[in-house]
2 protein chains.
Amino acid sequence: MLLRNQVEWALHCCAVMVGMPAERFLATKVLAEFHEVPKEYLSKALQSLSQAGIIEGTLGPNGGYRLAKAPSEITFLDVVEAVEGRTSSFACTEIRRNNPCRPTRMRDPKPCAVARVMWEADAAWRKTLRGVRLSDLAKTLESDIPAELAAKNTEWLLARS
Amino acid sequence: MLLRNQVEWALHCCAVMVGMPAERFLATKVLAEFHEVPKEYLSKALQSLSQAGIIEGTLGPNGGYRLAKAPSEITFLDVVEAVEGRTSSFACTEIRRNNPCRPTRMRDPKPCAVARVMWEADAAWRKTLRGVRLSDLAKTLESDIPAELAAKNTEWLLARS
DNA sequence: CGGTTACGGATACTTCGTATCCTTAAACCA
DNA sequence: TGGTTTAAGGATACGAAGTATCCGTAACCG
Ligand code: SF4
Ligand code: SF4
């Protein structure tokens, strides 16, 4: 069970956008070159984010994407679910219905104990992701990344928009 | 991102074994017929559980598998990790190293902020699974499943061992 | 108008989960 | 002792899903 690498790309792109001056758009091409990932494929991830209302895009020269909301209004879960989907990691096939002893017309009042536990774990995973916002990430990166490098990154990105 | 359905099978097989009288072995063939899943493929999942020390197998007629430990000593996480693996759901490709502005010889003191959050969420998922034991599951099933059906299941399974 | 960009559909490639088959070795039984 | 049953594990085929690329369209800009 592995998350798509688009999740990583999407999160990094968001991290980059948080550091950009408001109203400025970043083109897919620039983001792809910055991370050295295939432009066309990264585009799909950004489209997912756009569709989810996390970022917004504009066309034409100087076009691209920017955050559609305040960084404090965007959680990790928003980003992850936009590209990975909202379905639980545990899929229930209802194999208990195959039980040969079970009366054919028996009704299942509720999801079985196994599924409930697995879904609870999935909820805990999502709760953790929902608890971290892009604004939190920005603050962490501020102390993680040397100010000099951060400035150089912003400059590099803006020069190509 | 989806767990293999072997996880579901493994958990259900464990649930069944908890209800069996101690020392009795259940053959792969019987477990497969009970759940209506392919015997040869289910066998792989059971082998994983066996290798993880969760169940133990014996050969020959009346052979099969049984729990290797007390139900209170086996957690959901043990079962899930045995078949699904212990690697985190978030794989870090270290794409921050591709940053063209980054000094080539720069050392990364620690995993970046993005990865730390994702791994924290993964830890929360595992923590939830570690908190539920097979003995807990047995207790829940006891109130979920009519006693009559439970008895019939046990009888059906024992008759074929 | 021509160039740039997001957008979305279609398509190929690659990886991984699913499933089956076969052989070996151990345990049991007649 | 020899034949049967079963777990164990390697090899292989198949299918689904993730990865990646290509192309046409529509919007934006100078
Ligand atoms: S986990 Fe429970 S609800 Fe899901 S298929 Fe198995 S028995 Fe049914
Ligand atoms: S998540 Fe962080 S550590 Fe992992 S690849 Fe991205 S930048 Fe590197």
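Below, chain A is the first sequence line, B the second, and so on; all start at residue 1.
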A correct 5'-to-3' footprint of nucleotides 22-30 of chain C, with B, S and - meaning base, sugar-phosphate only and no protein heavy atom under 4.0 Å, is ----BBS--
Distance, rounded to the nearest Å, where [X] contributes [atom1] and [N] contributes [atom2]:
X       : N      : atom1 : atom2 : result
A:Arg66 : C:dA6  : CZ    : P     : 13 Å
A:Lys39 : C:dG8  : NZ    : C1'   : 14 Å
B:Gln51 : D:dA7  : CD    : P     : 16 Å
B:Leu49 : D:dA7  : CG    : P     : 13 Å
B:Ile95 : D:dT19 : CD1   : P     : 13 Å
B:Ile55 : D:dT6  : CD1   : P     : 16 Å
A:Leu42 : D:dT21 : CG    : C1'   : 14 Å
A:Leu2  : D:dG18 : CG    : C1'   : 11 Å

Check the orientation of A:Trp156 and A:Phe34. Use parallel for under 30°, tilted for 30 to 60°, and perpendicular for over 60°.
tilted
Salt bridge [X]-[Y], side-chain N to carboxylate O under 4.0 Å:
X        : Y        : answer
A:Asp78  : A:Arg130 : no
A:Arg126 : A:Glu81  : yes
A:Glu33  : A:Lys39  : no
B:Asp144 : A:Arg116 : yes

Got B:Cys92 and B:Phe90 here, is their nearest side-chain heavy-atom distance under 4.5 Å?
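Side chain of B:Cys92 against side chain of B:Phe90, heavy atoms only: contact under 4.5 Å found.
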Would a 4.5 Å heavy-atom cut-off, applied to side chains only, mark B:Trp9 and B:Pro38 as touching?
yes
If you count the non-hydrogen atoms of other residues, nucleotides and ligands that lie under 6.0 Å from NZ in B:Lys69, is the total more than 12?
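Count over threshold, so yes.
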Nearest-nucleotide pick for B:Tyr41, side chain only, options being D:dT21, C:dT20, D:dA20:
C:dT20
Can you find a donor-acceptor N/O pair under 3.5 angstrom joining the side chain of A:Lys44 to the base of C:dG9?
yes
Tell me, which pairs form a ring-ring contact (aromatic ring centres under 6.0 Å, His included) where one or both residues lie in residues 125-148 of chain B, sequence neighbours left out?
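Qualifying pairs, neighbours excluded: none.
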Under 4.0 Å between a side-chain N or O of B:Gln47 and OP1 or OP2 of D:dA7?
no
Could you identify which residues of residues 18-30 of chain A place a heavy atom less than 4.0 Å from some atom of DNA chain C, listed by residue number, or say none?
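Here the set is A:Ala27, A:Thr28.
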What is the nucleic acid contact for A:Ser43, judged by heavy atoms within less than 4.0 Å: base, sugar-phosphate only, or nothing?
nothing
